[in-house]
Amino acid sequence: MTVPVRIVGVGSPAGGDRAGLLAIRFLKTSGFLRHFPPRTVDLIAADRPGTGLFRILEGCQLAIVIDALKCESPPGTLFHLTEQEDFSLEPTLSSHDFSVPLTLRLGRILGRLPPRIVLVGLSIGPGPEIPREDHPDSSLATGTVMDRLSELLLQEVEEFLTLKKPERQ
Amino acid sequence: MDNDPVETKRIPIIARVEGKGSLEITYRNDPQSLRKTIDQVRLRIFEPPRLFEKILEGREPQEVIDIVARICGICPAAYQVTAAKALESAAGISLSPGLQTFRRILTCGEWIESHSLHFHLLAAPDFLGYADVLEWAKHDPEAVEAGFRIHAVGNGLLTLLGGRSVHPVGVRVGGFHRLPSREACQRMVEQIREVLPLATALIPWAAGFDVPRTTRSFTSVSLRDPGHYPMNEGRIASDRGLDIPPDQFEHHIREFQVPDSTAFYSLMDGEIALVGPLARLNLNSRWLPPDLLDIVEKTGVTFPSANLWHGFLARAIEIRYALGEALRLLSELPQDVLPFVPAPPATGVAIAATEAPRGLLWHRYDLGEDGRVEKARIIPPTSQNQSLIEEDLQQSLLEAGPGAPEEEILRRSERIVRNYDPCISCATHFLKLTRKETPP
């Protein structure tokens with residue numbers, strides 16, 4: 001089924017990298033989709049899709065990709081990254097380190113991406129590569145962090161759908 | 001300055017997931033002639049498997065299968081199959097021909113996935129003169145897209161038998177947790193057929209690059225499984241007369257550490273060895289199917305080859321081989337294969353070797369009376385190739401000359417490293433270069 005908006009959480013099941021997967025779980029269980037007409041938005045949890053992300057994003061008009069972000073900001077800090085400004089920041093390139101921004105850059109070059117892409121970075125702090133179980137990321141799935149994420153996504157999707165309406169007429 | 005006792009230059013790297021690498025070149029200055037000669041080249045790598053051996057102690061057999069999958073994100077199935085084979089051997093069980101077929105299909109998938117990733121993402125831009133795959137994609141998106149289509153089929157085969165392509169979970173001691181449906185296998189047959197022409201075209205394309213005609217002296221080492229191109233079965237052989245069962249391997253390989261590096265180096269019977277696609281082809285090209293041999297023959301490149309740059313072509317050949325082999329096996333699947341053979345508790349020593357995408361992978365587990373691992377030893381391809389990589393780097397830098405600009409040294413060095421192994425490529429894609437000059 002093709003829907004105009006696809007929200008994809010990417011990550012792996014372990015450590016802070018699971019933040020994107022936790023976000024999708026929260027959105028699915030919190031009634032987020034009730035804000036939109038049926039078959040407008042879908043939610044997908046993608047376990048380390050690599051370039052398989054191209055196929056996941058096929059057919060939609062707006063894709064919002066949520067990924068864990070390791071940075072100095074406190075865990076739970078949200079970053080709204082747009083393609084035009086932020087996707088060229090990451091310099092590394094190797095088979096073990098083919099990140100979501102790089103995948104998206106490659107996808108754009110190959111013409112495999114929807115017209116609009118937004119990357120939402122969910123900070124897991126600057127900690128170790130695989131945080132301990134008591135790392136604050138374990139609390140990312142509940143409370144204010146996910147509420148703020150929902151608000152951000154709601155705003156992004158509503159803005160997009162509003163802009164789309166004149167084109168349908 | 002030429003008469004400085006030591007000159008150090010660093011280009012930092014932190015590879016996020018699997019480790020880091022750096023290159024250190026020591027030059028010796030001759031104050032009379034003011035000429036510099038290369039004294040030593042050291043490739044320093046952090047190698048994760050050493051930590052895993054300790055983690056494995058005290059684990060039950062099935063835990064071993066799941067833990068070793070975490071050693072490498074690119075070739076997890078090879079680690080799983082090798083561990084499973086070792087533990088099955090200790091348990092005294094043999095897999096049915098049908099289960100061996102499914103194991104071989106899984107290995108085909110991983111070779112396709114790993115090789116195509118390395119071929120397109122890391123190595124090909126070097127041969128084409130592009131900075132990276134992004135730049136290549138801007139100029140020739142169809143070629144890059146073809147690479148990802150082939151890669152996706154490799155991932156599809158891994159998912160078919162492993163449940164997922166990254167750190168698969170399908171393998172168990174005695175076989176698989178479950179086997180795929182006929183319909184799922186048929187879908188993979190169709191996908192393979194679609195990309196087979198793309199993979200066939202890679203071979204003349206890879207052979208067409210004007211690579212340096214340099215040769216090196218090394219011992220090619222791989223499994224040898226007469227009648228078959230080796231994947232999961234066979235004895236360990238070399239082109240210098242080695243022919244041993246896997247349980248004799250540790251009597252011939254010597255692993256050692258060098259100062260200031262966590263990586264292991266190794267020598268095979270005292271000689272520098274090569275494992276991986278080129279070594280496999282050097283020992284086993286006769287077992288390629290006739291149609292593939294015809295394609296290879298038309299390139300004009302012959303195997304065995306002592307030109308390490310033919311490793312790029314070797315990967316292309318093995319991508320095509322693995323696709324064709326998976327297609328053949330999936331088209332001739334035996335009926336009524338049970339997913340696994342029950343394995344009784346095992347004690348004693350468990351040893352096995354397989355061909356991971358990057359070369360010979362060897363495992364040993366010492367099992368206690370309770371069947372848990374008391375001691376583990378894993379020798380990955382990385383450590384077996386490291387001595388040759390350093391020698392190749394040293395020779396190449398000699399050819400470049402001592403006065404070569406740092407940019408040229410880096411370019412040559414990274415290209416050489418990438419030519420061997422994606423794990424090392426990962427660690428050294430952005431080399432930290434340390435350049436030292438010492439007095440005579």
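Order of the sequence lines fixes the chain letters, A, B, ..., with proteins taken first and strands second; residue numbering starts at 1 for each chain. All values below were derived from every heavy atom in this structure, side-chain atoms included, with hydrogens, water molecules and symmetry-related copies excluded.
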Select one option (side chain, backbone, both, neither) describing which atoms of B:Ala137 are under 4.5 Å from chain A's heavy atoms.
-> both

Check the surroundings of atom CD in B:Glu135: do more than 12 heavy atoms from other residues, nucleotides or ligands lie under 6.0 Å from it?
-> yes

Given that the side chain runs from C-beta out, which part of A:Arg112 has a heavy atom under 4.5 Å from chain B: side chain, backbone, both or neither?
-> side chain

Which value, rounded to the nearest 0.5 Å, describes the distance between A:Thr103 atom OG1 and B:Phe148 atom CZ?
-> 8.0 Å

In this structure, CZ of B:Arg164 is separated from OG of A:Ser12 (nearest 0.5 Å) by 9.0 Å

What distance do B:His167 atom NE2 and A:Asp47 atom CG have between them, rounded to the nearest 0.5 Å?
-> 9.0 Å

Candidate pair B:Leu134 and A:Leu102, rule side chain to side chain contact (heavy atoms under 4.5 Å, CB included), full reasoning = CA-CA 9 Å; B:Leu134 298 175; A:Leu102 277 169; 3.7 Å; yes

Given A:Leu110, which of B:Lys138, B:Glu142, B:Glu145 fulfils the side chain to side chain contact (heavy atoms under 4.5 Å, CB included) condition?
-> B:Glu145

Looking only at heavy atoms, which two atoms of A:Leu106 and B:Val133 are closest? And how far apart?
-> CD1-O, 4.3 Å

